Amino acid sequence: MDLNYSATELAFQSEVRSFLADNLPNHIASAVRNGDGLTKAMMDEWHRVLNKKGWLATTWPKEFGGPGWTPVQKHIFEEENCRAYAPRVVPFGVNMLGPVLHKFGTKEQQDTILPRILSGEDWWCQGYSEPGAGSDLASLKTQAERVGDHYVINGQKTWTTLGQHANKIFCLVRTSTEGKPQQGISFVLVDLDTPGIEIRPIRLIEGGHEVNEVFFTDVQVPVANLVGEENKGWTIAKYLLSHERTGIAGVGFSMQTLEEVKTIATKIKRGTKRLIDDPLFAARLAEVEIDLEAMKITNLRMLFRAQERGAPGPETSILKIKGTVINQELRDLARRALGPLAAPFPGHLGEGNILFGPPDTAFNAARYFNNRKTSIFGGSNEIQRNILTKTILEL
Amino acid sequence: MDLNYSATELAFQSEVRSFLADNLPNHIASAVRNGDGLTKAMMDEWHRVLNKKGWLATTWPKEFGGPGWTPVQKHIFEEENCRAYAPRVVPFGVNMLGPVLHKFGTKEQQDTILPRILSGEDWWCQGYSEPGAGSDLASLKTQAERVGDHYVINGQKTWTTLGQHANKIFCLVRTSTEGKPQQGISFVLVDLDTPGIEIRPIRLIEGGHEVNEVFFTDVQVPVANLVGEENKGWTIAKYLLSHERTGIAGVGFSMQTLEEVKTIATKIKRGTKRLIDDPLFAARLAEVEIDLEAMKITNLRMLFRAQERGAPGPETSILKIKGTVINQELRDLARRALGPLAAPFPGHLGEGNILFGPPDTAFNAARYFNNRKTSIFGGSNEIQRNILTKTILEL
Amino acid sequence: MMDFNLTEDRRMLSDTLTRYLAEQYQIEHRNSVAYESPFHDPSKWTEMAELGIFSALANEADGGFGGAGPDIAVVFEALGNALNCEPALPLLMSSRLLSAARQDQATLLEGTAHYAVAIAEPDAPYDLLDITATANDDHRLSGRKTSVYGGNIADYFLVAAKAGDCLNLYQVQAADAEVIPYGLIDGGGAAEVLFDNTKAKLLIKNAQSALEDALDAGIIALCSEAVGMMDVTYQITVNYLKQRKQFGRPIGSFQVLQHRAVDMLTEIEQSRSITIKAASELKGPNASRYASMAKNMIGRSARLIAEEAIQMHGGIAMTWEYAISHYAKRLIMIDHQLGDTDFHLNRVIGMLNTA
Amino acid sequence: MMDFNLTEDRRMLSDTLTRYLAEQYQIEHRNSVAYESPFHDPSKWTEMAELGIFSALANEADGGFGGAGPDIAVVFEALGNALNCEPALPLLMSSRLLSAARQDQATLLEGTAHYAVAIAEPDAPYDLLDITATANDDHRLSGRKTSVYGGNIADYFLVAAKAGDCLNLYQVQAADAEVIPYGLIDGGGAAEVLFDNTKAKLLIKNAQSALEDALDAGIIALCSEAVGMMDVTYQITVNYLKQRKQFGRPIGSFQVLQHRAVDMLTEIEQSRSITIKAASELKGPNASRYASMAKNMIGRSARLIAEEAIQMHGGIAMTWEYAISHYAKRLIMIDHQLGDTDFHLNRVIGMLNTA
C-alpha cells in the first residue's frame, strides 16, 4: 500500500504546474475563480493554448494525437488544472464525440472531424435529452426518417449545454419504433446551419444562460452523418457514459470551493469575531473537509482499480453521488457564510460601485443555485443509486 | 387560535398532578426513571392504584367504566404521568382487548372478561406477529382448524411483549386460506394454561427479556372464544391500529429523556468544563429540543383535529415517525454524553460498588439499544411512510 | 380553551388576501416585477393597503385592527403562498418600531409612505450587540447598513445606531442618506445605506427591547411566509410526481420519491407547529426564544423543501420559467434574513436553561 | 508509486488471521466468551500470539515484524470482521508505549503478560490535557482511571499521570492498585483502576508525544476494526434483503431499502478511505489530524451502519441470537473509546488552518 506518487509522476506534476503558471491567462483563471461565467472567447483561447501544447485531447489514444497518459497522469493533470483555476475543457467535442469516433467512426469521419475538433474550428454540442426523456433516455421521440440518402429529422432536444456557441450537434434520434425502445436509436451528426433548426435559450434558476432547446423541423441530414450502425445508437450512448469517468467526483472543484469557504469565513466577521471561529460554522466546515479528504482517497482507489482492470467499474457511481453531495454542501456553506451579503442579484451589482462581500464572492448565491444541477444532470443521483443497486448490491 | 388549556382543563391537570404526588410510589417512579425495568409486582401495584381511582381504563367509554374524558383530558393525563415518571399502563388488556370487546365482543364476553382486566386478575398479551409475518401481518400462518365446538391451533407467534407475565393471549389466526390473505383471519382468545402452549423468552440486543415466542401445538380453544365473526379478524386488527393513537408521538417520554440529557450534560465534565457548555453538544441538544417543541404542537394539532372529527386521521403516522426519531436522537445524546462511563454492561455493575456515571444513568447505553425497537414495532417507520403515501399524498 | 382554528376575523382576512393575490398577483406577474426596479408593483401595493392588509399588522391604538402574532402569521402565510414580493416585511417591522416610539403611522399603513428598517451591517449581519453605526450628540449618524430590505424605495429609514453604549433608534429621510439600491437574487429590492454625519431624528432612546420586538415580529412573518411557500412547493411537487412519467410510469410510483415526499410533509407540519407556537408567544417573556426556535427550524426545513423539490423535479425546476425555481430561491434566501439557522441555534443554546 | 494493494507480507498476515478466526473463533464462540468473565478466551489469545498476530503490531527493533499503520489496519480489520473480543487494543497501545520507553516487550508480544493502558478518567474521558491523576516525587500515584480496556485481566498498567505540570507515563503492578473489573455492553472486559499513593515505576518523563502516538495507533486500530465490522454488517444486511420476503416479494426489491443500502455502501467506502489515509500518516507530522478525521467519520458512519442494519432487518436484529445485534453494539460503542465524534471534530477544527 502506497499513497504517494512515483518520481516520474511527481516530475510530471511539476511539468504541468509550470506549464499552467506560464500559460494560463490571468483573466481566464479569475473568471473561473469568481464564477462569473467564461465567455466564448475565453473558452476558445484556452482550447487553443492546450491544443498547441498537445494537452487538449488527454483522453485520446496516441494514434489519434492524444498524449498517451496513464489514468494517474490524467488525474494529476486535472488536479493541477483545478489548483490553478484553469477552465474545464468544453467536453462535447474533445471528450465525448472524439472517443465515439475513435471507436465507432469510419476512417473518413475520423479524418475529417477529429482535426477540426482539435483546432477548434467546430464547436460541438450534445442532443440527447428531450422534454419527455431525461433520466429515461431510451424513451426519446425525435424522429429521423430515411428518405433517399438523407434522414429527415423532426423533434426537440433540450438541456443542450453551450449550444448557443456551437456549429455542430451530435444527436440520438429514433430511426425505428420496433423492438425495445433502446433498439431503434441512432447516433447522427448534424450541422447546426442546416435549414429547419432553431435554438432557443433556456434561462436557468439563477438567471444565467448555459443550456438551450434545439428544435428540428424537417431537417435533412446526409446518411453519411450516421455514426456506427443504424438503430445501434444506444450502444454508443452507453459507451460514452462508461468511457470517461475520471473527474466525476469533482474533487478538484470541491477543493476550490473548500478554499473559497475558508477564505470567506476568515474575512467575514460577526461582530469582532471571524466567522471561522464560530464553533457551529467551523464544525460544519470541518465535517465536509473530512468527507472531502476521504473522497480524495476513494477517488484514487477507484482510479487505481480502473487502471488495474483497464476500465472503470460501476463503483464510480459512488463518486458521482458523494462527490456532488460534498460540493453542494460546500456551496451551501459558501453562500450562508456571506449572510446578507449574499442576497443581491449579481446582475444588479456594481450600480453603486460598492463591494458587497469579500472579493470574488458576488456570484456565490447564484453558484449555489446553479450547482443544484450537478445531482440531476449526467444521470441523477437517484439513477446512480439504481445503477449501484443492480450492479453492486445485485438486488 | 388558542394554545392554552381552559380553566376546567387546568383544574383537571391539578387534580391529576396531586393524585400522582400522593399515590405514585417512589420505588416505582425511580425504576421508571433509571430504566432498570419494572418488575411484575410494580406493574400490578400501579394497575391497582389506578383502578381504585377509576383512572385505569381511560380509553373506555363511560358505560364500561371509563372516566369519559375528552381527548384533551387524556392528553393531560398522559402528560402528567410522564412528568411524574409514572409507568405506562400495560396496554394489552386495558387499551387493546378492552376496546375490541366493547365493539366486537358479545355481551357475555364483555361481562366476564372486562371486569377481570380492570381487577388485574387476567394479564393479557398479544399474539399477532409471526416469524414470517411482521410488517406484512396478513401473511400470518398460525392455523386454527375448526373441530366440533373447538378450534385446534397450530403455529407460532413472536414478539409477544411481557408474555412471561401473562395468563391469557389474544391471537390473530388463520381460519381459512381462501380469498385474499386478509379474508381468512380470525381473532380468538386463548388461555395460556391450555395444553400445547409453550412460551420461550427472546433475549434482546441489550440483554433484557421483554418479548417472547409462543408456540401452539394442537391447542384446543372453545369456539365461544372467537371475537366477532369467523374470518373477519382483519377488521378487528385494523380497528385496533387506528383506534387509539394519542400518545403515539411519545412526547412525554421525549421530555423525560430531554431532562435526563440536560441533567447528565450538566453533571458530566470534560476537564473543568461542563459538557453542556461544549458548543457542539449544546447544538445537537438544542436542535432536538426545537424539534420536540414543534412536536408538542404538532401533537396537539392532531389531537385537536381528532377531537373535531371524532377520530384520528392518517396524519398520526407523522407523529409516529417524527416522535420516534426525536426520542431516538435524545437517547443517542444521553448515551454519548456519558462517554466511557456508558460502556459497562449493566448486569456487571455494582460488583465493586462504585458509581460509574451520574445517578440513574447505568442503563443509558442499554436503553439506547433497546429503544431502536420503537421505529420498528407498531408498524415500522417505513410502513408509516407507505401509509402516508397512500392516504395523504395519494401517490 | 385549546383551539387551532382561526378566528372568524382572521379567516376573512386570509380569504380576502388569498383571493386578491390569486386574481391580481399571480406568479407570472410577480416574476415580471420582482426582478426589475423598483422590484415590486406600486399600484398593487396601493390596492393591498386599501384592502386593509397592512392595517391587520398594527393594533387598534396605532390605527390598525390586528398586530398580534397570529395576525402576522395569517397575512404572511398568504403572501408566501403567492410568493409575493411586496415590501410587507419592512412595513411590519417599521410599524412595530413606530408604535414603540409612539409615532403616528397612518401614512405607513395606508401605503403612501415607505419606511425601511436599517439594522444589519456588513460585520453585524444578525446580532444587535455587534452594531457599530454611531450617532453623535447632535443625532448625526455615521456607518453603513447592509441589505436594507425595501430600502430601494424607502422614504424614511428607521436606523439602529449607538450613542456611546446606548443603542438608539433614529429616523432619517432617505434623501439625506446615500442609498445604493439593488434587486435581490430571490426577487424584491433592497439597498445599502451609507451615513456620513447624516442628520437624523432620535425616535427611541435605549431601543434594545423595541428592536427585539420588531425582530421577533419580523421572524414570525418570515417563518409564516416560508410555511406558505413550503405548502405550495410541496403541492406542486406532489402533483408533478403524479403527472410526470419516466420508464413508463408516474415517477410518484417510485417508493424512494414517495418516502422523501413524506419527509417533506413531516417537516412542513413541524415548521407550521413551531411557527404557531412562536406567533402565540409574541410579546410574551419567551418571545425571542420561540422566535429563534422557529427561525432555526425554518432554516433547516426550507432548505430541505427547496432542495428536494428541485431534485425530485429534475431539470425543469432548474429553469426560470418554472415557478418552483423562484419558490426555491426565496426559501433558501430567507435564511439570510434576520438571522440564519446557526445564529438562532446559538441563541437557543444561550437560553437553554433559562426557560 | 501509488498502490492500494496490500504487500505480499500483509496479505499473508491477513489471510492467516482471517482463516484462524473463521475456523477457531466464530461468532457463537465469541458471544459465549465476550460477556462472561474474563470476557475473552485465554487459550485463543495464546494461539493468536503463537500465530504471530501480535508481533505484526510491533516493529523489528522491538521484536516484532511490523508496527506500521497499514500493519495495524490489516490486523484490526480482520479482528473486526470476526467481531473478535480479545484485548488486542491494549496490547497495541502498550507496545507503542513500551517502545517509546525502550522497555522490553517480549512477554507482551508473546501474549504471556497482559498490559493495559490507563489514560481516561471520569472527568477526562478523551483529552490528555484534562488528566488529573497525580504522581508525587516518590512516583506514587493517586487518582481514578476509568474504562481501562483489558484492565480486568492486566498484570501491569501503563498509567498517564501528572507530576506537577509534566504528564508522565508510569508502570504499576496490577496487584498494587485497586482494580474493579467489569464486562462491557458490547463484549470484552475493562476495569476501573484506583490509585491511592500507589507505588509505580516512571517509564517516560514528559510522555505527551508517546501517549499521542499510542492514541493515534489505537484510533487507527479502532477505525480499522470498525471498517471490518461495517463490511460484515453490510453484507449480512444485503443478504437479508435478498432472502426476507414481505408482501410476497424480497424486501430488497423495495427501492427505499435499495437506496439506503447504497448509502451504507458509500459511507463504508469513505470510511475505508479515510482509515487508509490515517494509517499511512501514522508517525508523520499530521498523524493526529488524520487520526481525528478518521475517528470522526467512523463515529458517524458506524452509527449509520448499525442503525440502518437494525432498521432494515426489523425485529430480528434486535435479538441477542442474531449476530447483527452484537456488531451493532460494538459499532456504536466504539464511539465511546479514545474520543467520540465531537471530540475529534473539535480536534480537526483546532487544526483547521494548520495543515
Side-chain angles (χ1 to χ4, degrees), chain A residues 1-10 70-72 75-76 262 265-266 276-279 281-287 289-305 307-308 315 317-322 325-326 381-382 384-390 392-395, chain D residues 1-7 10 68-70 73-74 234 238 241-242 250-255 257-267 269-281 289-290 292-297 300-301 341-342 344-353 355:
Chain A
M1 183 118 52
D2 189 342
L3 277 62
N4 302 308
Y5 291 136
S6 68
T8 329
E9 286 161 353
L10 286 172
T70 65
V72 172
H75 171 77
I76 290 172
K262 284 187 178 175
T266 309
I276 204 162
D277 295 325
D278 175 74
F281 189 86
R284 291 187 201 282
L285 182 56
E287 202 163 287
E289 182 168 15
I290 293 167
D291 289 346
L292 179 55
E293 282 293 331
M295 180 47 75
K296 283 186 200 170
I297 305 293
T298 304
N299 195 35
L300 290 176
R301 284 170 52 217
M302 305 278 175
L303 187 74
F304 176 76
R305 205 177 296 175
Q307 187 155 312
E308 285 212 319
E315 310 91 323
S317 288
I318 289 175
L319 301 178
K320 169 68 164 45
I321 297 168
K322 195 72 190 179
V325 167
I326 288 171
N381 284 8
E382 288 74 25
Q384 305 294 340
R385 287 194 178 89
N386 287 345
I387 292 172
L388 285 165
T389 297
K390 279 200 193 116
I392 312 272
L393 278 62
E394 296 176 355
L395 284 176
Chain D
M1 176 173 147
M2 206 179 71
D3 186 350
F4 286 94
N5 289 327
L6 289 179
T7 59
R10 287 185 187 133
V74 158
Y234 167 76
V238 170
L241 293 182
K242 288 176 190 173
I251 58 174
S253 68
F254 289 100
Q255 195 190 27
L257 301 187
Q258 294 173 350
H259 282 208
R260 282 161 59 178
V262 165
D263 290 343
M264 290 169 73
L265 175 68
T266 303
E267 295 311 314
E269 289 293 346
Q270 284 281 87
S271 298
R272 186 186 305 283
S273 292
I274 199 74
T275 302
I276 288 173
K277 177 71 176 171
S280 78
E281 298 277 340
R289 177 162 184 265
Y290 284 105
S292 280
M293 284 191 167
K295 192 68 167 56
N296 167 269
M297 177 173 280
R300 293 183 274 142
S301 60
T341 314
D342 282 351
H344 285 289
L345 191 62
N346 268 323
R347 289 229 308 176
V348 174
I349 292 170
M351 298 181 268
L352 201 60
N353 290 310

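Here is the naming used below: chain letters follow the sequence lines, and residue numbers restart at 1 for every chain. Please read these numbers as outputs of a predicted model, since none were measured by experiment.
- The parts of A:L300 that come within reach of chain D are both its backbone and its side chain, each placing non-hydrogen atoms under 4.5 angstrom from that chain.
- For the set D:A278, D:G252, D:S271, the entry with the most heavy-atom pairs within less than 4.5 Å of chain A is D:G252.
- Listed for the A:Q384 side chain is no donor-acceptor partner under 3.5 Å among the backbone atoms of A:I318.
- Salt-bridge formation is not detected for the pair A:R284/A:E287: no Lys NZ or Arg NE/NH1/NH2 atom is positioned less than 4.0 Å from an Asp or Glu carboxylate oxygen.
- Of the listed residues (D:M297, D:Q258, D:Q255), the one with the most heavy-atom contacts under 4.5 Å to chain A is D:Q258.
- Contacts of A:E308 with chain D are made by side-chain atoms alone, with heavy-atom separations under 4.5 Å and no backbone atom involved.
- Of the atoms belonging to D:S253, not a single heavy atom falls under 4.5 Å from chain A.
- When the candidates A:L388, A:V72, A:L393 are compared by the number of heavy-atom contacts under 4.5 Å with chain D, A:L393 comes out ahead.
- Within the 4.5 angstrom heavy-atom criterion, only side-chain atoms of A:I326, from C-beta onward, approach chain D.
- Contact check on A:E315 versus A:R301 returns no salt bridge, with no Lys/Arg side-chain nitrogen under 4.0 Å from an Asp/Glu carboxylate oxygen.
- Ion pair A:K262/A:E289 flagged as a salt bridge, since at least one NZ, NE, NH1 or NH2 atom sits closer than 4.0 Å to an Asp/Glu carboxylate oxygen.
- Side chains of A:N4 and A:E9: a donor-acceptor N/O pair is absent below 3.5 angstrom, by distance only.
- No side-chain N or O of A:N381 forms a donor-acceptor pair with one of A:R385 less than 3.5 Å apart.
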